[in-house]
Amino acid sequence: MQIPNSPAYHDPILAWYEANARDLPWRAPDATPWGVLVSEIMLQQTPVARVLPVWREWLERWPEPAALAAEPSGEAVRAWGRLGYPRRALRLHASAAAIVERHGGEVPSSHDDLLALPGIGAYTAAAVASFAFRGRHAVLDTNVRRVLARLVSAEEYPPRSQTRAEVRLAESLLPLDPPTAARWSVAVMELGALVCTARSPRCVDCPVLARCAWQRAGRPAYDGPPRKGQTYAGTDRQCRGRILEVLRNAEGPVRKPELDVVWSEPVQRERALDALIADGLVDPLDDGRYALPG
DNA sequence: GAGACGTGGCC
DNA sequence: TGGCCAAGTCT
């Protein structure tokens, strides 16, 4: 389905955003591209409320990429705290180093240069290029995908994995003027986060309710294939989390028994520890102890 | 392209 | 209670 670039969609959503946007620090006028980049990595699969305090600590401690790059990667992992998916901290540290080496310490503004950084995929490259540099890029995150699925495709949820059709649709809806496109992108994301939510959407507050295809169709329930539910208890992921938590909370290197106590099943425990080492999240010392990477 | 990868809050 | 969900990326 092709929808022309249309102010009929743009104006109500942009106006809604002006009136309803959350006052988030990475959206402040004095937010730097580095601050935006850090926020985008932290916000991957992680709610805003949990990101806020950690983001403030990071930006105070490492106000620019060079400051982070100058520290051991383990410090990034430790400061990551309980945000989850700690490989993100490692990749952010590696990105900071790459920014210093390849871009003179300045976060690059081009989508291609951003995409080349570790931990930055299509979404994050588009988000940073848009929100930090006011560029014109299709920003297709889970919020935008859901809004477009409903507003245009009359589906309660978007497909399981992103399709070319979704990308084309998002691009076709992008305002022509780059700064306006950047504003539009963040506005649609915010609409998805606050109104057009996954469960119990607040349609009465929607600025484009009258144009919503899903609404006009009678809000039919999702009838596609079951969406993946992630188990956690008893998994390697939980085991890895326990091990890393010990290391984060320790002052320095710890002995093996201190790690062993967090998981009773030895085969899984060893597998998880080996995987953490392979991922670069844990450093096995010569003296047999374990530490966050140096 | 399916599966791995953390953590916690909500209904 | 427990499944679902949260600004994804990588292999």
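Convention: sequence-line order gives letters A, B, ...; per-chain numbering from 1.
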Worksheet item: How is A:R271 classified with respect to the nucleic acid when contacts are heavy atoms under 4.0 Å: base, sugar-phosphate, or nothing?
Response: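 The residue A:R271 makes no contact with any strand.
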
Discussion item. Just to be sure I understand the rule, does A:R82 reach a base, reach only the sugar-phosphate, or reach nothing, if contact means heavy atoms closer than 4.0 Å?
Written reply: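 Counting heavy atoms under 4.0 Å across all strands, the contact made by A:R82 is with sugar-phosphate only.
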
Whole-Å [atom1] distance, [N] and [M]:
N	M	atom1	result
C:dG2	B:dC5	P	23 Å
C:dA7	B:dC11	P	15 Å
B:dG6	C:dT11	P	14 Å

Item to complete: Would you mind listing the cluster partners of A:V261? Hydrophobic ones only (ILVMFWY), side-chain contacts under 4.5 Å, chaining allowed.
Response: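 A:V77, A:L90, A:I243, A:L244, A:V246, A:L247, A:V254, A:L259, A:V262, A:W263, A:L273, A:L276, A:I277, A:L281, A:V282, A:Y290, A:L292, which link up through side-chain heavy atoms under 4.5 Å apart, make up the rest of the cluster.
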
Fill in: A:V204: hydrophobic cluster co-members (side-chain, 4.5 Å)
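Besides A:V204, the hydrophobic cluster comprises nothing; the residue is isolated.
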
Worksheet item: Between A:W58 and A:W80, what is the ring plane arrangement, given parallel below 30°, perpendicular above 60°, and tilted in between?
Response: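 Perpendicular: the ring planes of A:W58 and A:W80 meet at over 60°.
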
Practice prompt. Could you run through nucleotides 3-11 of chain C and give me one letter per nucleotide, 5' to 3': B if any protein heavy atom sits under 4.0 Å from the base, S if only the sugar-phosphate is that close, - if neither?
Written response: BBBBBBSS-

Item to complete: Answer yes or no on whether A:R211 is positioned over the face of A:Y9, meaning its NZ or CZ is under 6.0 Å from the six-membered ring centre and within 45° of the axis.
Response: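 Yes, a cation-pi geometry holds between A:R211 and A:Y9.
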
[X] [atom1] - [N] [atom2] separation (whole Å):
X	N	atom1	atom2	answer
A:L244	B:dC5	CG	C1'	12 Å
A:I277	B:dC5	CD1	P	15 Å
A:Q162	B:dA2	CD	C1'	16 Å
A:R88	B:dG6	CZ	P	9 Å
A:D279	B:dC5	CG	P	8 Å
A:R240	B:dT7	CZ	P	10 Å

Worksheet item: Do A:E156 and A:R150 come within less than 4.5 Å of each other through their side chains, counting heavy atoms only?
Response: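 A side-chain contact exists here, since the closest heavy-atom pair is under 4.5 Å.
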
Discussion item. Can you confirm whether A:V188 sits close enough to A:N143 that some side-chain heavy atom of one is under 4.5 Å from a side-chain heavy atom of the other?
Written reply: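 The answer is no; the side chains never approach within 4.5 Å.
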
Discussion item. B:dG6, OP1 or OP2 - any side-chain N/O from A:Y232 closer than 4.0 Å?
Written reply: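 No, outside the criterion.
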
Practice prompt. Quick one: do A:D260 and A:K256 satisfy salt bridge (charged side-chain N to carboxylate O under 4.0 Å, His left out)? Show the steps, please.
Written response: CA-CA 6 Å; A:D260 289 344; A:K256 187 69 161 34; 3.0 Å; yes

Discussion item. Quick check on DNA chain B: between A:Q238 and A:S200, whose nearest nucleotide comes earlier from the 5' end?
Written reply: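 Final value for this comparison: A:Q238.
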
